[in-house]
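Below, each value reflects all heavy atoms present in this structure, side chains not excepted, and no hydrogens, waters or symmetry copies.
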Amino acid sequence: MKTLIAILILLAFLQTTLLPINIVVIILLLRAYIKPDSTNLYLAFFFGILVAFLSHQNLGFLSALYLSQVFVTHLLSKSPLSKNIFSVVPIIVVFSLILEFLTSVPFGQSPNFFPRVIIEGFFSLPIYLGLRLWEERFVVRSHIKLKMR
């Protein structure tokens, strides 16, 4: 968990300075899809505040959007559709469209759908596979105990 938090902090700084995509929310959504846990909601809240602070937006607005999207992803991860690996891409594309629309239109900006949503949808599958590999192989579970001889 500490490694994930450190990576998300680094990506929050990169997202607000260099990257044109919402990489933090993609990782939060994909982690909620892989491992439905209540810690994802805490991560969504705090990283929503951090990204909003770094990008000079309203502090509670992105947190509420991240929380609602992670909660819906929790619900979708319990469906039988979640067993298909390619179901991640439409979820990320739909949530990216919603996030782009809600962060630009109410504030008088024109939404930038085309390049951002396509890039986020394209990178969602490799990020999903990497995050799934990380969660399955390198995260120690409490129910797994090693026996010493």
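Put simply, the side chain of Leu76 does not reach to within 4.5 Å of the side chain of Ser82, judged on heavy atoms. Between Val88 and Tyr33, some side-chain heavy-atom pair lies under the 4.5 Å cut-off. Residues Phe46 and Ile5 form no side-chain contact, since every pair of their non-hydrogen atoms from C-beta on lies 4.5 Å or further apart. In this structure the side chain of Ile91 never reaches within 4.5 angstrom of the side chain of Leu29, judged on heavy atoms. The closest side-chain heavy-atom distance from Met1 to Leu43 is below 4.5 Å. Using a 4.5 Å cut-off on side-chain heavy atoms (C-beta onward), Ile9 and Phe47 make contact. Looking only at side-chain heavy atoms (C-beta outward), Ile34 and Tyr128 come within less than 4.5 Å of each other.
Hydrophobic clustering (ILVMFWY, side-chain heavy atoms < 4.5 Å, transitive): Ile127 and Leu14 are in one cluster. Linking Ile, Leu, Val, Met, Phe, Trp and Tyr residues whenever their side-chain heavy atoms come within less than 4.5 Å places Leu18 and Phe13 in a single cluster. When hydrophobic clusters are built by joining Ile, Leu, Val, Met, Phe, Trp and Tyr residues whose side-chain heavy atoms come closer than 4.5 Å, directly or via intermediates, Phe114 is not grouped with Phe122. Residues Leu125 and Leu81 are members of separate hydrophobic clusters, defined by side-chain heavy-atom contacts under 4.5 angstrom among Ile, Leu, Val, Met, Phe, Trp and Tyr. Under a hydrophobic-cluster definition in which Ile, Leu, Val, Met, Phe, Trp and Tyr are linked whenever side-chain heavy atoms come within less than 4.5 Å, directly or via other members, Ile23 and Ile118 are assigned to different clusters.
Of all heavy-atom pairs between Gly48 and Leu62, the closest is O-CB, 3.7 Å. Taking each heavy atom of Asn58 and Ala52 in turn, the nearest pair found is O-CB, 3.5 Å. Between Leu102 and Phe107, the shortest heavy-atom distance links the atoms O-CE1, 4.2 Å. Shown here for Ala32 and His74, the closest heavy-atom pair between the two residues is CB-NE2, 4.2 Å. Leu99 approaches Leu65 most closely through the heavy-atom pair CD1-CD1, 3.6 Å. The two atoms that bring Leu30 and Ser124 nearest to each other are CD1-O, 3.6 Å, heavy atoms only.
Atoms CG and CZ, on Leu50 and Phe45 in that order, are 12.0 Å from each other to the nearest 0.5 Å. A distance of 10.5 Å separates OG of Ser77 from CG of Asp37, quoted to the nearest 0.5 Å. Of the inter-residue distances, the one linking Lys35 atom NZ with Glu136 atom CD reads 11.5 Å to the nearest 0.5 angstrom. Of the inter-residue distances, the one linking Glu120 atom CD with Ile26 atom CD1 reads 4.0 Å to the nearest 0.5 angstrom. The OG1 atom of Thr73 sits 12.0 Å away from the NZ atom of Lys78 when rounded to the nearest 0.5 Å. Atom CZ of Arg116 sits about 10.5 Å away from atom CG of Leu19, to the nearest 0.5 Å.
Distance alone, capped at 3.5 Å, is enough to place a donor-acceptor pair between the Ser63 side chain and the Ile49 backbone. A donor-acceptor contact shorter than 3.5 Å links the side chain of Gln69 to the backbone of Phe95.
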Quiz item: Leu75 and Phe71: side-chain contact (heavy atoms from CB on, under 4.5 Å), yes or no, with the steps?
Solution: CA-CA 7 Å; Leu75 296 177; Phe71 182 73; 3.8 Å; yes
Quiz item: Are Thr39 and Arg31 close enough, and set up right, to give a side-chain contact (heavy atoms from CB on, under 4.5 Å), and what steps lead you there?
Solution: CA-CA 10 Å; Thr39 57; Arg31 186 173 190 279; 3.6 Å; yes
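The side-chain contact (heavy atoms from CB on, under 4.5 Å) test with Leu28 is passed by exactly one of Leu8, Leu41, Asn22: Leu8.
Note: Phe101 and Phe113 have parallel aromatic rings, judged against thresholds of 30 and 60 degrees for the angle between ring planes.
Applying the 6.0 Å contact sphere to CZ of Phe61 captures more than 12 heavy atoms from other residues, nucleotides or ligands.
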